[in-house]
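For reference, the structure discussed in these notes is given below.
For clarity, every value in this text was computed on a predicted model and none was experimentally measured. Values below: every heavy atom of this structure, side chains too, minus hydrogens, waters and symmetry copies.
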Amino acid sequence: MRRTRRIPHLSPALVLSLVLCLALALSACDGTRNDAGTPGKGKSDDRRPATVQGIPTDAGTHKQKMGVGTVGHREFLLHVPSKVAGGKWRGGRPAAPPPLVIALHGGLATMGQMRSLTGFDGLSDEQGFLVAYPDGFMTTWNAGDCCGAAKVAGTDDVGFLTKLIDKLTGAGLADPDRVYVTGFSNGAGMAYRLACEKPGKVAAIGVVEGALVTRCDPGRPVSAMIFHGTADRNVPFNGGGRRDFNDGSPFPPVSQAVEFWRRLAHLPEPTRRVKALGGDTDCNATGKGAGGAEVTFCKIEGGTHRWPSGAGALLWDFFSAHPRTR
């Protein structure tokens, strides 16, 4: 006759203890980061996740794709400095979200060329700010009345750049009050347009050899630093030239843009001399107005249509002194 093994009786208290132990074990297994980069409870709260909402957090430059609600996608390079990657993290985000600089390439150029041109990667590593280098549509930006394929196609570059800003600030990777946009040539015109249409997203802009060729009624001041060479033949210092391949309208003089941003903030003439690039560059500032906005104009005597050496460092000094005021 086979003997039946008796199963020992488990008291309710013992069953409850076993359930609690199992729950704790499973919780410990889930203490690492989830796919969104948000850590679970415990010591992992202070560790950097590999990604945050799909955005890499390792130090270095990462190529990213982003949907914009249309066919295809848009691309950008994101440079994360070691000071951010190796800094303090809390709850799966930087404990102190860093500033963000968005650098827009000129017409018939690329995000990679803008990265090489500006030297912002090195400044980012030194100062601890993020840099995003977006790619335009077919190497151009729709800056209003300029330029090229992006203008002809009616590309919503304001929407693209706004979504990029929201993606990085919404993920907690950048400070929404310290978002700065700079650009060269066609990219400079795009920086103007973004400030004109989305002033609440941008604390300050940096314009290099560009023109304001779009309707502009921002409703609030935006700080601006403007560089322009007197010998620029592409975007003439005193106005003129041709805006686009299919538009013979002249560019407005650079003084028109300086005056526009100055008057918007109720600022005086920019006569206070500030640090410049060298003997051929004269930079004058208005000083800060009641709302903290300021306009600085750098006239480059004999300067042509190019990104001036050292402009990146001056732009960062200006940006860092002008967070957005609410």
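- Between Phe251 and Ala211 the shortest heavy-atom distance is CD2-CB, 3.7 Å.
- Using a distance-only test at 3.5 Å, with no hydrogens or angles considered, no donor-acceptor pair links the side chain of Thr281 to the main chain of Ala276.
- Of all heavy-atom pairs between Trp261 and Ala195, the closest is CH2-CB, 3.8 Å.
- Put simply, the side chain of Thr140 gets close to the backbone of Ala150: a donor and an acceptor are under 3.5 Å apart.
- Arg242 contributes a side-chain N or O that, together with a main-chain N or O of Asp244, makes up a donor-acceptor pair within less than 3.5 Å.
- Partner of Asp282 under the salt bridge (Lys or Arg N to Asp or Glu O under 4.0 Å) criterion, out of Lys275, Arg273, Lys299: Arg273 alone.
- Within the 4.5 Å cutoff, no side-chain heavy atoms of Gln53 are placed close to those of Lys167.
- With hydrogens and angles disregarded, a donor-acceptor distance shorter than 3.5 Å links the side chain of Lys83 to the backbone of Glu126.
- When atom types are taken as modelled, the side chain of Lys163 and the backbone of Gly67 share a donor-acceptor pair closer than 3.5 angstrom.
- Between Val80 and His62 there is a side-chain heavy-atom pair separated by less than 4.5 Å.
- A donor-acceptor pair shorter than 3.5 Å cannot be found between the side chains of Thr286 and Arg262.
- Contact check for Pro99 versus Trp316: side-chain heavy atoms found under the 4.5 Å cut-off.
- Counting heavy atoms from C-beta outward, Ser223 and Phe318 have side chains that approach closer than 4.5 Å.
- Paired with His105 under the rule ring-ring contact (aromatic ring centres under 6.0 Å, His included), one option of Trp141, Phe76, Phe184, Trp307 passes, and it is Trp141.
- For the pair Met190/Leu161, a side-chain contact is recorded, criterion being any heavy-atom separation below 4.5 Å from C-beta on.
- Note on Tyr180: it clusters hydrophobically with Leu77, by side-chain heavy-atom contacts below 4.5 Å among ILVMFWY residues.
- Side-chain N or O atoms of Asp135 include one that pairs as donor or acceptor with a backbone N or O of Met111 at under 3.5 Å.
- The backbone N or O of Thr304 lies less than 3.5 Å from no partner atom in the side chain of Arg233, so there is not a single donor-acceptor pair.
- Leu117 and Val235 are members of different hydrophobic clusters when ILVMFWY side chains are connected at heavy-atom separations under 4.5 Å.
- Connection of Phe120 to Leu104 is not established within any shared hydrophobic cluster, with ILVMFWY side chains joined at heavy-atom distances below 4.5 Å, either directly or through further cluster members.
- In this structure a side-chain-to-backbone donor-acceptor pair under 3.5 Å is present from Thr169 to Ile165.
- The main-chain N or O of Met225 is never found under 3.5 Å from a side-chain atom of Thr296 such that the two would form a donor-acceptor pair.
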- Message: Apply side-chain contact (heavy atoms from CB on, under 4.5 Å) to residues His228 and Val207 and explain how you reach the verdict.
- Response: CA-CA 8 Å; His228 216 105; Val207 174; over 6 Å; no
- Output, in order, the C-alpha distance, side-chain angles, deciding distance and verdict of side-chain contact (heavy atoms from CB on, under 4.5 Å) for Val158 and Arg193. CA-CA 8 Å; Val158 170; Arg193 184 172 188 182; 4.0 Å; yes
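- Using a 4.5 Å heavy-atom threshold, the side chains of Pro56 and Gln64 count as touching.
- Inter-residue side-chain proximity for Val258 and Pro270 is flagged as met; some heavy-atom pair is nearer than 4.5 Å.
- What you find for Pro134 and Ala103 is that their closest heavy atoms are CD-O, 3.3 Å.
- Side-chain N or O atoms of Arg306 include none that pairs as donor or acceptor with a backbone N or O of Gly229 at under 3.5 Å.
- When only modelled atom types and interatomic distance are considered, Asp157 and Thr155 share no side-chain donor-acceptor pair under 3.5 Å.
- Residues Leu173 and Met66 share a single hydrophobic cluster, defined by chaining ILVMFWY side chains whose heavy atoms lie under 4.5 Å apart.
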- Task: Report the C-alpha separation of Glu294 and Arg272 in whole Å, then their side-chain angles, then the decisive distance to 0.1 Å, and conclude whether the side-chain contact (heavy atoms from CB on, under 4.5 Å) test is met.
- Result: CA-CA 11 Å; Glu294 183 172 19; Arg272 181 173 62 85; 2.8 Å; yes
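- The same ILVMFWY cluster, assembled from side-chain heavy atoms under 4.5 Å apart, contains both Leu164 and Val84.
- Using a 4.5 Å heavy-atom threshold, the side chains of Pro94 and Thr57 count as separate.
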